[in-house]
Amino acid sequence: MISIPAQPYNYELLNLQNVALVIIDMQRDFLEPGGFGAALGNDVSRLRSIVPVLQQLLETFRQLHLPIIYTIEGHKSDLSDCPTTKINRGNSELKIGDIGPLGRILVLGEPGNAIIPELEPLPGEIIINKPGKGAFYNTNLPEKLSEQNITHLIFTGVTTEVCVQTTMREANDRGFECLLIEDATESYFPEFKQATIEMIRSQGGIVGWTTKAENLLQALQNFSLSIK
C-alpha cells in the first residue's frame with residue numbers, strides 16, 4: 001500500500017501497476033505567444049510556472065516505467081469535428097482554424113498544436129488527440145486505460161478549471177480514483193485554479209483528491225526503495 005498525504009484525506013495506491021500520469025494539453029497553442037490562449041487575450045506566461053514540476057514528475061514516472069498519457073486539444077484540418085459554436089466563441093481576431101504565428105490555430109499537426117519541447121513525449125508514451133475539453137469525449141482513452149488495467153489517475157496540466165477539471169470529472173464518473181497535483185496544474189486566472197481545487201476535494205473528495213508534487217514524489221521514492 002502506498003499512502004500519499006492529500007486532501008481531504010490520504011490518497012492510496014495498492015501498488016504501482018494500476019496508476020498513470022495524465023498531462024493535459026501542455027501544448028504550444030496554450031503556452032506560447034501567438035497561440036490560441038494568447039488569441040483569447042490571456043497572459044500565457046502564467047502557465048509556464050508548472051513546467052519544472054512536470055519535468056520532475058515525468059522523470060520519476062519514466063524511471064519507474066509507469067504509464068504516461070498526454071492529451072492534445074485539436075481538430076481535423078477540415079474542422080469537421082469542431083462545432084461552429086466553438087469556432088465562433090470568444091469574439092477574438094484569430095479563431096480556431098485561422099492561420100496564426102504558430103500555424104493554424106488548434107489544428108492537429110500544426111506547429112502550435114505540439115507539446116512544448118521541454119515536455120516532449122518519448123516513444124511508447126500515449127498521446128490522446130481530443131476535439132473537446134474532456135479527454136474521454138470522442139477519443140480512445142477508455143480503451144487505452146482498459147488495456148493497461150489503469151484504475152488510478154494522477155492529473156496535471158492546463159487549464160485547471162477547464163480541460164483538467166472536465167477530464168477529471170469524466171474520469172470520476174467512470175470509476176477512476178483521481179488525484180490532482182496542485183503545483184503541476186495552472187490557469188490563466190489564479191482565482192479559478194483555487195476554486196477548482198476546492199471544488200474537487202470538497203464534500204469528502206466528491207471528484208477526487210489534491211496534493212503537492214513533493215508528497216507524491218516522496219511516496220513513490222519510499223516505495224521504490226522498499227522493494228529493492
Side-chain angles (χ1 to χ4, degrees), residues 1-26 47-71 115-116 118-128 135 141 144-158 160 163-165 167-172 174-187 193-194 196-228:
M1 176 74 72
I2 307 168
S3 187
I4 300 164
Q7 292 193 49
Y9 52 91
N10 285 3
Y11 179 81
E12 295 183 340
L13 300 170
L14 293 177
N15 52 59
L16 293 183
Q17 298 175 4
N18 308 110
V19 63
L21 176 67
V22 182
I23 302 175
I24 304 285
D25 296 2
M26 291 296 291
L47 304 191
R48 298 199 66 85
S49 64
I50 64 173
V51 172
V53 179
L54 278 167
Q55 288 175 317
Q56 285 184 294
L57 290 169
L58 270 175
E59 181 181 2
T60 298
F61 271 71
R62 285 167 176 168
Q63 287 176 347
L64 294 173
H65 305 290
L66 300 177
I68 297 168
I69 300 169
Y70 292 84
T71 74
I115 300 294
I116 60 172
E118 298 96 317
L119 303 174
E120 185 176 1
L122 297 180
E125 294 175 348
I126 299 169
I127 299 175
I128 301 295
L141 178 58
K144 293 293 184 182
L145 296 174
S146 178
E147 287 169 5
Q148 300 196 43
N149 296 314
I150 300 300
T151 58
H152 290 63
L153 297 173
I154 310 298
F155 280 95
T156 67
V158 299
T160 315
C163 295
V164 176
Q165 179 178 207
T167 303
M168 195 168 180
R169 287 178 179 271
E170 289 179 329
N172 178 65
R174 288 163 172 80
F176 293 94
E177 300 282 29
C178 304
L179 175 65
L180 177 69
I181 307 303
E182 298 171 24
D183 47 347
T185 184
E186 194 50 86
S187 169
K193 172 182 174 177
Q194 188 57 41
T196 301
I197 289 172
E198 292 173 7
M199 283 189 287
I200 285 169
R201 66 193 186 198
S202 67
Q203 302 179 74
I206 196 166
V207 176
W209 290 257
T210 76
T211 194
K212 296 291 181 66
E214 62 181 348
N215 292 328
L216 172 61
L217 292 170
Q218 187 63 58
L220 292 177
Q221 181 182 22
N222 291 344
F223 180 78
S224 62
L225 289 174
S226 70
I227 60 176
K228 288 183 177 179

Problem set entry | Partner residues of Gln148 under the side-chain contact (heavy atoms from CB on, under 4.5 Å) criterion, sequence neighbours left out | Pro67, Ile126, Ile150
For this session: Could you tell me whether the side chain of Asn10 and the main chain of Ser3 form a donor-acceptor pair under 3.5 Å?
Result: no
Problem set entry | Within 6.0 angstrom of Gln17 CD, more than 12 heavy atoms from elsewhere | no
Exercise. If you look at every heavy atom in Tyr9 and Gly204, which pair is closest and at what distance?
Worked result: CE2-O, 3.7 Å
For this session: Determine yes or no for a side-chain-to-main-chain donor-acceptor pair under 3.5 angstrom, with Thr71 supplying the side chain and Ile128 the backbone.
Result: no
For this session: Taking Thr185 for its side chain and Thr156 for its backbone only, find out whether a donor-acceptor pair lies under 3.5 Å.
Result: no
For this session: Determine, stepwise, if the pair Met1 / Leu14 fulfils side chain to side chain contact (heavy atoms under 4.5 Å, CB included).
Result: CA-CA 4 Å; Met1 176 74 72; Leu14 293 177; 3.5 Å; yes
For this session: Could you go through the side chain to side chain contact (heavy atoms under 4.5 Å, CB included) check for Leu16 and Leu66 one step at a time?
Result: CA-CA 7 Å; Leu16 293 183; Leu66 300 177; 3.9 Å; yes
Exercise. Does Lys193 use its side chain to pair, donor to acceptor, with the backbone of Glu182 at less than 3.5 Å?
Worked result: yes
Problem set entry | Nearest heavy atoms of Cys178 and Asn172, plus distance in Å | SG-N, 3.9 Å
Problem set entry | Side chain proximity check, Ile4 to Trp209, heavy atoms < 4.5 angstrom | no
Problem set entry | Ala213 versus Asp183, closest heavy-atom pair with distance | N-OD1, 2.9 Å
Problem set entry | Glu198, CD atom: more than 12 neighbouring heavy atoms under 6.0 Å | yes
Seminar exercise, completed: For Pro5 and Thr211, the nearest pair of non-hydrogen atoms, with its separation, is O-OG1, 2.5 Å
For this session: Could you tell me whether a side-chain N or O of Asn18 sits under 3.5 Å from a main-chain N or O of Asn149, the two making a donor and an acceptor?
Result: yes
Seminar exercise, completed: Correct closest heavy-atom pair for Cys163 and Val158 would be CB-O, 3.8 Å
Exercise. For the residue pair Leu119 and Gln55, what are the closest heavy atoms and their distance?
Worked result: CD2-CG, 3.8 Å
For this session: Return yes if some donor-acceptor pair links the side-chain N/O of Thr160 with the main-chain N/O of Glu186 below 3.5 Å, else return no.
Result: yes
For this session: Return yes if some donor-acceptor pair links the side-chain N/O of Tyr11 with the main-chain N/O of Leu216 below 3.5 Å, else return no.
Result: no
Exercise. Glu125 side chain to Tyr70 main-chain N or O, any donor-acceptor pair under 3.5 Å?
Worked result: no
For this session: Measure the spacing between CG of Leu179 and CD of Gln7 and express it to the nearest 0.5 Å.
Result: 11.5 Å
For this session: Find the distance between CG (Asp25) and CD1 (Ile116) and round it off to the nearest 0.5 Å.
Result: 12.0 Å
For this session: Would you mind reporting whether Val51 and Met26 have side-chain heavy atoms less than 4.5 Å apart?
Result: yes
